[in-house]
2 protein chains.
Amino acid sequence: MTRDCRGAVPHAGTTVAVAPVRVLQSHSSASSGRGGTVGVTLRDVARAAGVSPATASRALSAPDLVAPARREHVQQVARELGYRPNRAARELITGRTGNLCLVVPDLENPFFAAVAKGVQARARALGLALLVADSEEDPRLEAELVAHLGAQVDGVILCSPRMPDLDLERLGREVLEDDVPLLLVNRPHEGLPSVVIDNTDGVRQAVAHLYALGHRRIGYAGGPVGSWSDSQRRRGLEHASHGLRDIEVVDLGHFPPVFGGGVAAGDLVAAGGVTAVLAHNDLLALGILSRLRARGVAVPEQVSVVGYDDIPAATLVSPALTTVTVPLARLGRTAVDLLIEAGSARTTAPPSADPPGSVLIGVELVVRASTGVAPARSSEASG
Amino acid sequence: MTRDCRGAVPHAGTTVAVAPVRVLQSHSSASSGRGGTVGVTLRDVARAAGVSPATASRALSAPDLVAPARREHVQQVARELGYRPNRAARELITGRTGNLCLVVPDLENPFFAAVAKGVQARARALGLALLVADSEEDPRLEAELVAHLGAQVDGVILCSPRMPDLDLERLGREVLEDDVPLLLVNRPHEGLPSVVIDNTDGVRQAVAHLYALGHRRIGYAGGPVGSWSDSQRRRGLEHASHGLRDIEVVDLGHFPPVFGGGVAAGDLVAAGGVTAVLAHNDLLALGILSRLRARGVAVPEQVSVVGYDDIPAATLVSPALTTVTVPLARLGRTAVDLLIEAGSARTTAPPSADPPGSVLIGVELVVRASTGVAPARSSEASG
DNA sequence: TTGTATGCGTTATCAC
DNA sequence: GTGATAACGCATACAA
């Protein structure tokens, strides 16, 4: 790594006036001369507008409380002076930071990246900034981050598929003490608001699709043990298969929900005698796809593969992956809305009014090239 | 989307004591009774430790200034009381927020996701939180975000491949006024610190590799017009080819640096009579790969493909993509370090001491299955 | 080395 | 509807 210190020549064009002395006297309104917008305080605005600081404050933060004429005048003056409220001072007295916080296991995981994008967009639309923390898949660190960052934000959104329930319990209490709303993504928990994906319906759609294509023996490559969404999807799988004649679901086991996990799962698919496999998520499915190809198993001619989430990479491979589309950006936006709602409910209502809500995000199967009609089989059951 | 308000039954197990009255009297040390760690102020610590607030402050923020015995005592007391400094109050007086800000065009783009991850990790290691903003590929929004968020952080890291130089110039000035260091990623600019990738060397390695495999006619699928890294890579390409006998570089044009752009580029590859193609980045290369496959062009037997960046998806496809590995996480970490350096230099040194530094991040070609020996050709030049 | 006192910029509480 | 004034919690200049 080379270090390249660039041109030692200072700007030659305009002369930037840098004040060499620090003025520490009482507010000497730096507004005379275009010295910059730095340090324009509310008092400056008030003075320039000929009103008291209190009125100036109200004119900007609670316009309804001030007479229309004055209000507009103050706002005009503030604009001219380039006034920008000091967030620290405001926070110090209101207790609100104007920031939200998002904790995810891995920013590079396209699933969380999409959620983060949605969260960020909605937060900004509401005039809030977003602190993002990556826990590096470490539940312990997640808890620490929530506790740490929770102190400097108005609300926390936590994506923590694998944090033990007990830790969650504790976090919930801490957060209640600190009066900072905590929202869970893709994981419900008693007493906490959450936004979750409809796992059972997604699985149902996937199974129905495969069944319609003639598949009767379907493998499931599961996610990590202890993952809430995995247990949900297993449940959905059972439920869905109950309604269909002659179907058999083969549990291929638990796998890390990444590409590498899919490679391992791929071998079990090949060995399991199934004609189709549903993976816990797309990364896993892509790994399976890759492994099957390497072993010379044709997809979808010999085996059909279905993923979950519909991450961008699902369309980059060939055959493109049939998968369950999860509106991740919407999930993120909804999370913010619900969090805000929880926050304002907390201040409006007495101690604990209504329990925090939980929102279910609908999903939709999108059929691509990785699924096809089941290969002819030695039929084993009579019709 | 269903709305499911969960169980209306309050907690039945433990009884959570919620204080129904708000204590507004002078500090009545809530430490008696385990009422919670909320509101433990420095004065409380001072009182409990039997020292003045000033000493308590120093014991925690400037330990060297207080006698060892007292110091440890105060720290102990603070720990026991669960004291946590109020960031707003601290910021109000010190002017430092303890936050950095990162602005990227698209959080879902694996390139920026990786950078963000590195930035976040390093920031946390330094005890700083990270505000992340996604500009949705809109340079105008980027400028606005920097201006807006810059006011509430100690430094800004900007990834803005396509922002016009003029806007950058203006941002640089604004930021200088606000006294907030601004650092550019993958884009140098006079007067601003930056961390950039070694584009010319990456291209050189790629060309050398292809040349060694016997390729003599190599296509380049470029990035967007106005992209600094694209112009750098084109320059590197020229330079690299000058040193090699009998080589010809074919400019395939400018493409949006996404999968779809690669699809378009793929057709030109097929039509251009080249035996190898170097893409501006991996997404583009993946699109080319996909298009070539769709058209029945074998990779690498007929055409070799090289990408740039080495995003995770590069190994998910088959054939796996030969590409130039960019240590993106390191890039992010370096950005933070350099930004901090710039920040402290700003306060330490008089007005403008030394111009901000620029760091060059080295890259390395990683050879995978998408490149192979050049097909036999109708040799056109004598040896 | 330690304590006292002041101020950071804003909003909230009161009187008017 | 408006203005004086007191906090908010902390760090620091200054005196001791």
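Each chain gets a letter, A, B and so on, in the order the sequences are listed, and its residues count up from 1. Any value given below was found using the heavy atoms of this structure, including those in side chains, with hydrogens, waters and symmetry copies removed.
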Under 4.0 Å from OP1 or OP2 of [N]: is there any side-chain N or O of [X] that close?
{"X": "B:Ser57", "N": "D:dA11", "value": "yes"}
{"X": "A:Arg90", "N": "C:dT11", "value": "yes"}
{"X": "A:Thr94", "N": "C:dA12", "value": "no"}

- Item | Axis deviation across the helix from C:dT1-D:dA16 to C:dC16-D:dG1, five-pair ends, to the nearest 10° | 30°
In whole Å, what is the span from the [atom1] atom of [X] to the [atom2] atom of [N]?
{"X": "A:Ile93", "N": "D:dG9", "atom1": "CD1", "atom2": "P", "value": "10 Å"}
{"X": "B:Arg71", "N": "C:dT2", "atom1": "CZ", "atom2": "C1'", "value": "14 Å"}
{"X": "A:Glu91", "N": "C:dC8", "atom1": "CD", "atom2": "P", "value": "19 Å"}
{"X": "A:Leu42", "N": "C:dA12", "atom1": "CG", "atom2": "P", "value": "12 Å"}

Side-chain donor/acceptor pairs under 3.5 Å, residues 50-72 of chain A, sequence neighbours excluded:
| from | atom 1 | to | atom 2 | distance (Å) |
| --- | --- | --- | --- | --- |
| A:Ser52 | OG | A:Ala54 | N | 3.3 |
| A:Ser52 | OG | A:Thr55 | N | 3.2 |
| A:Ser52 | OG | A:Thr55 | OG1 | 3.3 |
| A:Ser61 | OG | A:Ser57 | O | 3.4 |
| A:Arg71 | NE | A:Pro63 | O | 3.2 |

- Excluding sequence neighbours, so at least two apart, what forms salt bridge (charged side-chain N to carboxylate O under 4.0 Å, His left out) with B:Arg140? none
- Message: Per the salt bridge (Lys or Arg N to Asp or Glu O under 4.0 Å) rule, what does the pair list look like for residues 118-133 of chain B, sequence neighbours excluded?
- Response: A:Glu136-B:Arg124, B:Arg122-B:Asp337
- Rounded distance (nearest 0.5 Å) linking atom CG of B:Leu183 with atom NE2 of B:His189: 13.0 Å
Please list, for nucleotides 2-4 of chain D, all pairs of protein and nucleotide N/O atoms separated by less than 3.5 Å.
| from | atom 1 | to | atom 2 | distance (Å) |
| --- | --- | --- | --- | --- |
| D:dT2 | OP1 | A:Arg70 | NE | 2.5 |
| D:dT2 | OP2 | A:Ala67 | N | 2.7 |
| D:dG3 | OP2 | A:Ser52 | N | 3.3 |
| D:dG3 | OP2 | A:Ser52 | OG | 3.3 |
| D:dG3 | OP2 | A:Thr55 | OG1 | 2.3 |
| D:dG3 | N7 | A:Arg58 | NH2 | 2.7 |
| D:dG3 | O6 | A:Arg58 | NH1 | 3.3 |

- Under the side chain to side chain contact (heavy atoms under 4.5 Å, CB included) test, which residues partner A:Ala123, sequence neighbours left out? A:Leu100, A:Leu128
